[in-house]
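Okay, structure first, notes after.
Letters A, B, ... are given to chains in the order of the sequence lines, protein chains preceding strands, and every chain is numbered from 1.
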Protein chains: 2
Amino acid sequence: MTATRSTRQRDVIAQVLGRATGPLAVPEILGLAQSDLPGLGIATVYRTLKLLTEQGQIHPVTLDGETRYEAAGKGHHHHFSCTRCGRVFTLHTCPVTLPSGTVYPGGFVVEAHEVTLYGQCPECAAN
Amino acid sequence: MTATRSTRQRDVIAQVLGRATGPLAVPEILGLAQSDLPGLGIATVYRTLKLLTEQGQIHPVTLDGETRYEAAGKGHHHHFSCTRCGRVFTLHTCPVTLPSGTVYPGGFVVEAHEVTLYGQCPECAAN
DNA sequence: CTACGTGCAAAGGTTTTGCATAGAG
DNA sequence: CTCTATGCAAAACCTTTGCACGTAG
């Protein structure tokens, strides 16, 4: 079996994602992690993201052509993408009710859904 | 002002997207277009997709880490991604009602929304 | 000590760009 | 004819991989 070690790099990357208010893109993760661990290389970030994803600790989210990552285990939620500042936030409310098994016109059997809202985040809306 | 010419390449690419039952990825567009126009180059596909997007004739959609393109002007709709065969379909029903201007808890001002459903398409569900 | 993990640099893919030629108007 | 559009090949990106060194256990 595979022995997975605990390293400062992995801890820092996991912490960065744990503290985030929404899914982060790779450059954001690198930047934030480097402020805690200056020498960190991009290859390690990619390798760690892949590892954490396989372990189910984080989850990839694709939004506007960019792959972002967020900590797992935060329950059912969706995302809000600010059209002004470009940041992405996690929303804990869900605007749809689609029980697994719902059948859509045409015979599409729904197993899951994903919603993204676009608009202005509180900060941008205030300015 | 810019003079935009009508060419066989542009026509073919626009037709391919117009005939599609859902958003297409670049390799799909290239393949389908090449069956009508063998010598077509990938660079022309990218340039044309960019042009048509700027003109508002098509619309990019990101799904599962891939950027796809669909003809515009088909009204409000969403997408269904088949978890078995991987194809993406356009749905003409909408499971949410979010008038522009809706304010979400925390002060997020909603301007638009995007929904993707995952499950089995009619064909896969039947087998 | 013995692997696994890391950083660096090179390799792979995909998208964009430069340039000479083809073709729309 | 003139000037935009195309195809090819090179360049620019982003992500993955190979390798020698660092380090957790």
Side-chain angles (χ1 to χ4, degrees), chain A residues 1-18 20 23-70 81 86-88, chain B residues 1-18 20 23-70 86 88:
Chain A
M1 60 172 263
T2 321
T4 297
R5 293 180 180 172
S6 167
T7 66
R8 183 125 177 68
Q9 286 83 343
R10 288 178 186 172
D11 292 348
V12 168
I13 292 170
Q15 275 175 40
V16 163
L17 290 171
L24 302 177
V26 173
E28 292 171 330
I29 297 169
L30 180 65
L32 290 169
Q34 281 183 335
S35 59
D36 275 0
L37 192 58
L40 181 64
I42 186 76
T44 297
V45 173
Y46 279 110
R47 280 188 283 233
T48 301
L49 291 174
K50 189 178 177 186
L51 177 74
L52 295 177
T53 299
E54 283 165 356
Q55 293 182 340
Q57 294 186 38
I58 64 173
H59 194 59
V61 178
T62 304
L63 228 132
D64 302 312
E66 245 188 355
T67 301
R68 290 166 172 268
Y69 294 85
E70 65 185 355
S81 174
R87 284 183 298 172
V88 177
Chain B
M1 57 172 262
T2 321
T4 296
R5 292 178 180 174
S6 167
T7 66
R8 183 126 178 66
Q9 286 83 343
R10 288 179 187 173
D11 291 348
V12 168
I13 292 170
Q15 275 175 40
V16 163
L17 290 171
L24 302 178
V26 173
E28 294 171 330
I29 297 169
L30 180 65
L32 290 169
Q34 281 182 334
S35 59
D36 275 2
L37 192 59
L40 180 64
I42 187 74
T44 297
V45 173
Y46 279 109
R47 279 188 282 231
T48 301
L49 291 173
K50 189 178 178 187
L51 176 74
L52 295 177
T53 299
E54 284 165 356
Q55 294 182 340
Q57 294 185 39
I58 64 174
H59 194 57
V61 179
T62 304
L63 227 130
D64 303 312
E66 244 188 358
T67 300
R68 290 165 172 269
Y69 294 84
E70 65 185 355
V88 177

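The list of salt bridge (Lys or Arg N to Asp or Glu O under 4.0 Å) pairs with a residue in residues 41-51 of chain B, not counting sequence neighbours, is empty. Judged as a side-chain hydrogen bond (donor to acceptor under 3.5 Å, both in side chains), not a single pair has a partner in residues 29-42 of chain A (not counting sequence neighbours).
Protein atom CD of B:Gln55 is 15 Å distant from nucleotide atom P of D:dT4, rounded to whole Å. For B:Leu52 and D:dA5, the CG to C1' distance is 13 Å, given to the nearest whole Å. Per the geometry, NZ belonging to B:Lys50 stands 16 Å off P belonging to D:dT4, to the nearest Å. Taking atom CG on A:Leu51 and atom C1' on C:dG5, their separation rounds to 10 Å, with Å as the unit. The CG atom of A:Leu30 sits 12 Å away from the C1' atom of C:dG7 (whole-angstrom rounding). If you measure from atom CD of B:Gln34 to atom P of D:dT6, you get 14 Å, rounded to the nearest angstrom.
Residue A:Arg10 is in sugar-phosphate contact alone, with no base atom involved, counting any heavy-atom pair closer than 4.0 Å across all strands shown.
Contacts of A:Arg10 classified as salt bridge (charged side-chain N to carboxylate O under 4.0 Å, His left out), with partners at least two apart in sequence or in another chain: none. Here A:Arg5 pairs with nothing under the salt bridge (charged side-chain N to carboxylate O under 4.0 Å, His left out) rule; sequence neighbours left out. Contacts of B:Pro27 classified as side chain to side chain contact (heavy atoms under 4.5 Å, CB included), with partners at least two apart in sequence or in another chain: B:Ala25. For A:Glu54, the side chain to side chain donor-acceptor pair (under 3.5 Å) criterion is met by no residue, not counting sequence neighbours. The side chain to side chain donor-acceptor pair (under 3.5 Å) test applied to B:Gln15 returns no partner, not counting sequence neighbours. Residues passing the side chain to side chain donor-acceptor pair (under 3.5 Å) test with A:Gln9: none are found, sequence neighbours excluded. Partners of A:Leu32 by side chain to side chain contact (heavy atoms under 4.5 Å, CB included), not counting sequence neighbours, listed by chain and number: A:Val16, A:Leu24.
Between D:dG7 and B:Gln9, a contact under 4.0 Å exists linking OP1 or OP2 to a side-chain N or O.
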Under 3.5 Å, N/O pairs linking protein and nucleotides 10-14 of chain D:
none

Exercise for the section: Encode nucleotides 20-25 of chain C as B, S and - characters from 5' to 3', where the letter depends on protein heavy atoms closer than 4.0 Å: B to the base, S only to sugar-phosphate, - to neither. Expected result: ---BBS
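Heavy-atom distances under 4.0 Å link DNA chain D to B:Gly39, B:Leu40, B:Gly41, B:Ala43, B:Thr44 of residues 36-45 of chain B, given in residue order.
Here the side chains of A:Tyr69 and A:Pro23 are not in contact, with every heavy-atom distance at 4.5 Å or above. Counting heavy atoms from C-beta on, the side chains of A:Thr7 and A:Thr48 never come closer than 4.5 Å.
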